[in-house]
J.: 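Provided herewith is a single structure, encoded as structure tokens, for subsequent inquiry.
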Amino acid sequence: MRRANFRTSNISCVNQLNRTTSCSYSSQSQEDSVRKRPVRKTFLKSSNNDDLITDLCKHNKFKEAIDILCNQRRLKEALQILHQISHPSPSIYSSLIQFCRQNRALEEGKKVHSHLKSSGFKPGVFISNCLLDMYAKCGNISDAQTLFDEMQERDVCSYNTMISGFTKGGSLEQARNLFDEMPQRDNFSWTAMISGYVRYNQPIEALDLYRMMQNFENSVSNKFTLSSVLSAVSAIQCLRLGKEIHGYIMRTGFDSDEVVWSALSDMYGKCGSINEARQIFDKMVDRDVVSWTAMIGRYFQEGRREEGFALFSELIKSGIRPNAFTFAGVLNACADHAAEELGKQVHGYMTRIGYDPYSFAASALVHMYSKCGNVENSKKVFNGMPRPDLVSWTSLIAGYAQNGMPDKALEYFELLLKSGTQPDHIVFVGVLTACTHAGLVDKGLQYFHSIKEKHGLTYTADHYACIVDLLARSGRFHEAEDVISKMPMKPDKFLWASLLGGCRIHGNLDLAKRAAEALFEIEPENPATYVTMANIYASAGKWSEVASIRKLMDDRGVVKKPGLSWIEIQRDAHVFLVGDTSHPRSKEIHEFLGKLSKRMKEEGYVPDTNFVLHDVEEEQKEQNLSYHSEKLAVAFGIIATPPGTTIKVYKNLRTCVDCHTAIKFISKIAKRKIVVRDSSRFHSFEDGNCSCRDYW
DNA sequence: GTAGGGTTAG
């Protein structure tokens, strides 16, 4: 019956609609019965409106018909109706143009424009402004510019539209030129220009303009202005100014909304006042997933892990669904803090709600597992990704490199090349690190040369630091020096620190002095240089030099960073400092360490006291060593977990030689696999051996 | 009389 209705329609464009619909209906083959039902459903649904549209057109109510079609996003059909009308009204044009703008339908918008020109319609300033905005929003600023130049009459809105357009795929300079030359400005003009500067990362200019605006009559900042201005304040981290604006908002608070609160919270967060950021966040009524994710991320940035994770749990409870950004943020924090158990829970949650294996949250999982030393899981997640991105490849390769499986790292790098993915400069850092950890000097050099010769990439300072690390660790100092003398950029602190590390291993005092001098110049505040240098002198028995280094540290007010280790047991992090006795089970831990010490000596352990900063009696040195934070954490791990459980300990600094030797013995005596992630790599101890093959 | 301006997340 409805089809019959179509056939009687005398509006040709609607007949065309009819043909399209009935064609798709009748073209279905017999065997296609499964698909038949849904198509029929659509047919019935749309036919209702089609009747109405036919009817409206019959009664010359074209505007209404076009509005219905536009609302159903049937722009092509709306255009067909336009072509049937001899003299379309301005409101028909404005409707169509605005729908094209909303739907970013540039092609259709252009058709309306050309129809308008060919029909001889002379658009007023309103329709022209609509066209300007349509072009600007569709990213076609050049057509907007052409039209703007042709316009006989322009009003403040025409200028504002162009300014806004220029500040978005256009140029800030052109926007500012228009802003300066326009005859009069209103709030829209000021806000468009200010937000443009913010968007182009020019916060100072944005704030200068805001100050100008305040001195300007008839322009009062509102919620639109303030949210942009707050963003500028965040960028320059000026808390004083931010507080001033906060005060202004409080005084005129009627005009603010969630967007302003969000910007205000962000301002406090970026200016380091995280508690105030949280207070504002708590007062917000319509907190969306973005504001939640931002607030959680602020905690992690500040190193306030517990609060970050707590807020994440609140988010889950709130019923708002976290998205890929949220997961990636939390997982990266888990990676940084080696919170594997928590990371696993997040992974479980993601699996339950069905995460998208194509999204960057999946690569964050790969990263998290790699950083937690669980390369097996890292690989599992990686294998589940239909199209692993370069971040995932890099995480997995770096994970293998750092976890004592450099061969696997290189194997995956070769797979990456075979997959046709173009490697970038970052993945090569992982590759070179793998070679360093495996002691594969010549292979590393080959990869190094391939970066430029085979892959056409530009060397970065990181690549040079890696290659110097590779050479210095294996004692090839002449080659290392040769690389340094020929590199195109100034060696950075990472390179010098690598060189110094190599000198420490091989006792190269002269070169160590040179590296340390360079480091003292670049970062005199870093205690690591002083400590390493003192240790090198101590190994050489040069105690007066050790003392002078210590004096230098004192004179410059450099404080040694305390060694800190932690272990996660049932999602709680237990943190240990050097010689720590604050843990509730401290007495047990020390007793256990005492027993272990005895067994270790029976097995042949000799404390290595070389790497101690202080020049003290041997027995005292031994005492110091037994209190190192990683030993405390390992001991606690053993007494706090069932036999056979793998112990995972994390240390903020590099593990010392003595602890390394001691933990090898402990792994054998306690029959435990012990994984220690220090500031540069993983050590996986098992049955008296370490995955790093004592090369780190 | 219409239209033109905004923040926060890996």
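FYI, side chains are in, hydrogens and waters are out, and symmetry mates aren't considered; it's all heavy atoms of this structure. Keep in mind that what you see is a predicted model, and the values were worked out from it rather than measured. Note on naming: letters A, B, ... go to the chains in the order of the sequence lines (proteins, then strands), and numbering restarts at 1 for each one.
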J.: Among B:dT8, B:dA3, B:dG5, which nucleotide has an atom closest to any side-chain atom of A:Ser262?
T.: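 Output: B:dT8.
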J.: Tell me: CG of A:Asp266 to C1' of B:dT8, nearest whole Å?
T.: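 Those two atoms, CG and C1', are 5 Å apart.
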J.: So, A:Ser95 and A:Asp67: side-chain donor and acceptor under 3.5 Å apart, yes or no?
T.: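 Present: a donor and an acceptor within the cut-off.
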J.: Just the rounded figure in Å: distance from C1' of B:dT8 to CG of A:Asp286.
T.: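 Distance, rounded to whole Å: 14 Å.
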J.: Is the base of B:dG5 touched by the side chain of A:Asn222 through a donor-acceptor pair closer than 3.5 angstrom?
T.: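 It does, because a donor-acceptor pair links the side chain of A:Asn222 to the base of B:dG5 below 3.5 Å.
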J.: Side chain of A:Asp155 only, heavy atoms from C-beta on: which candidate in B:dG5, B:dA3, B:dA9 is closest?
T.: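 Of all the options, the side chain of A:Asp155 is nearest to B:dA3.
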J.: Check A:Glu244 with A:Arg240, please: is the shortest side-chain N to carboxylate O separation under 4.0 Å?
T.: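 Salt bridge flag = yes for A:Glu244 with A:Arg240.
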J.: Among residues 331-368 of chain A, which contact DNA chain B at a heavy-atom distance under 4.0 Å?
T.: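 Residues of residues 331-368 of chain A under 4.0 Å from DNA chain B: A:Asn332, A:Phe360.
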J.: Look at A:Lys223 and B:dG5 and indicate whether a side-chain polar atom (N or O) is within less than 4.0 Å of OP1 or OP2.
T.: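 Negative; the distance criterion is not met.
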J.: Write down the distance between CZ (A:Phe188) and P (B:dT2), rounded to a whole number of angstrom.
T.: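 Answer to the nearest Å: 11 Å.
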J.: Are any side-chain N or O atoms of A:Ser231 and backbone N or O atoms of A:Ser227, one a donor and one an acceptor, separated by less than 3.5 Å?
T.: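 No, A:Ser231 side chain to A:Ser227 backbone: no donor-acceptor pair under 3.5 Å.
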J.: If you look at every strand shown and take non-hydrogen atoms under 4.0 Å, does A:Val198 touch a base, only sugar-phosphate, or nothing?
T.: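 Nothing, no nucleic acid heavy atom in range.
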J.: Is a salt bridge present between A:Glu77 and A:Arg74, judged by a nitrogen-to-oxygen distance below 4.0 Å?
T.: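 Looking at A:Glu77 and A:Arg74, the cut-off is met.
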J.: I want to check one thing: is the phosphate of B:dG6, taken as OP1 and OP2, less than 4.0 Å away from some side-chain N or O of A:Arg199?
T.: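 So the side-chain polar atoms of A:Arg199 do come within 4.0 Å of the phosphate oxygens OP1 or OP2 of B:dG6, strictly under.
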J.: Phosphate oxygens OP1/OP2 of B:dT7: is one of them under 4.0 Å from a side-chain N or O of A:Lys270?
T.: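 For A:Lys270, the contact criterion (side-chain N or O under 4.0 Å from OP1 or OP2 of B:dT7) is not met.
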J.: With a non-hydrogen cut-off below 4.0 angstrom, is A:Val156 in contact with a base, only sugar-phosphate, or nothing?
T.: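 Base contact.
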J.: Could you walk me through whether A:Tyr369 and A:His347 satisfy the ring-ring contact (aromatic ring centres under 6.0 Å, His included) test, starting with their C-alpha distance in whole Å, then the side-chain angles of each, then the deciding distance to 0.1 Å, before giving a yes or no?
T.: CA-CA 10 Å; A:Tyr369 280 122; A:His347 186 184; 5.6 Å; yes
J.: Salt-bridged, A:Glu108 to A:Lys111, with N to O below 4.0 Å?
T.: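 Salt bridge absent between A:Glu108 and A:Lys111.
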J.: Between B:dA3, B:dG10, B:dG6, which nucleotide has the shortest distance from any of its atoms to the side chain of A:Gln301?
T.: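 The listed nucleotide nearest to A:Gln301's side chain is B:dG10.
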J.: Which nucleotide in the list B:dA3, B:dA9, B:dG6 gets nearest to the side chain of A:Phe126?
T.: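 Among the listed nucleotides, the one closest to the side chain of A:Phe126 is B:dA3.
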J.: Does this structure show an ion pair linking A:Lys344 with A:Glu340, if we count only N-O contacts that are shorter than 4.0 Å?
T.: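 Answer for the salt bridge query: yes.
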J.: Send over the distance from A:Ile249 CD1 to B:dT7 P, rounded to a whole Å.
T.: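 Rounding to the nearest Å, CD1 of A:Ile249 and P of B:dT7 are 14 Å apart.
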J.: Please report, rounded to the nearest Å, how far the C1' atom of B:dT7 is from the CD1 atom of A:Ile245.
T.: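 Rounding to the nearest Å, CD1 of A:Ile245 and C1' of B:dT7 are 13 Å apart.
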J.: Among B:dT8, B:dG5, B:dG6, which is the nearest nucleotide to the side chain of A:Asp288?
T.: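 Selected nucleotide: B:dT8.
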J.: For A:Met182 and B:dG5, give me the distance from atom CE to atom P, rounded to whole Å.
T.: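 Rounded to whole Å, this separation is 13 Å.
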J.: Hey, is A:Phe224 doing a stacking thing with B:dG6, by the 5.5 Å centroid and 30° angle criteria?
T.: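 No, A:Phe224 does not stack on the base of B:dG6.
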J.: Touch check for A:Cys130, heavy atoms < 4.0 angstrom, all strands: base, sugar-phosphate only, or nothing?
T.: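 A:Cys130: no heavy atom of the nucleic acid under 4.0 Å.
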J.: Considering every strand and a 4.0 Å limit on heavy-atom distances, what is the contact class for A:Ser291: base, sugar-phosphate, or nothing?
T.: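 Touches a base.
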J.: For the side chain of A:Ala263, counting heavy atoms from C-beta on, which of B:dT7, B:dG5, B:dT8 is nearest?
T.: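 Shortest atom-to-atom distance from the side chain points to B:dT7.
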J.: Can you tell whether the side chains of A:Arg305 and A:Asp336 come within less than 4.0 Å, N to carboxylate O?
T.: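 No, this pair does not count.
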J.: Kindly say if A:Lys137 contacts the phosphate of B:dG5, meaning a side-chain N or O under 4.0 Å from OP1 or OP2.
T.: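 Checking A:Lys137 against B:dG5: at least one side-chain N or O falls below 4.0 Å of OP1 or OP2.
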J.: Separation of A:Ile97 atom CD1 from B:dT2 atom C1', in whole Å?
T.: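 The answer, rounded to whole Å, is 12 Å.
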J.: With distance as the sole criterion, do the side chain of A:Asn323 and the base of B:dA9 form a donor-acceptor contact below 3.5 Å?
T.: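 Side chain to base: pair present.
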J.: Does one side chain, of A:Ser291 or A:Ser262, offer a donor that lies under 3.5 Å from an acceptor on the other?
T.: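 Distance-only check fails for A:Ser291 and A:Ser262.
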J.: For A:Leu315 and B:dG10, give me the distance from atom CG to atom C1', rounded to whole Å.
T.: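 Between C1' of B:dG10 and CG of A:Leu315: 15 Å.
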J.: Do A:Ser227 side-chain and B:dT7 base share a donor-acceptor contact under 3.5 Å?
T.: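 Flag unset: no donor-acceptor pair detected.
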J.: Any side-chain N or O of A:Ser231 under 4.0 Å from OP1/OP2 of B:dT8?
T.: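 Answer is yes, contact under 4.0 Å.
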J.: Tell me whether the side-chain N/O atoms of A:Ser195 come closer than 4.0 Å to OP1 or OP2 in B:dG6.
T.: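 Yes, because at least one side-chain N or O of A:Ser195 sits under 4.0 Å from OP1 or OP2 of B:dG6.
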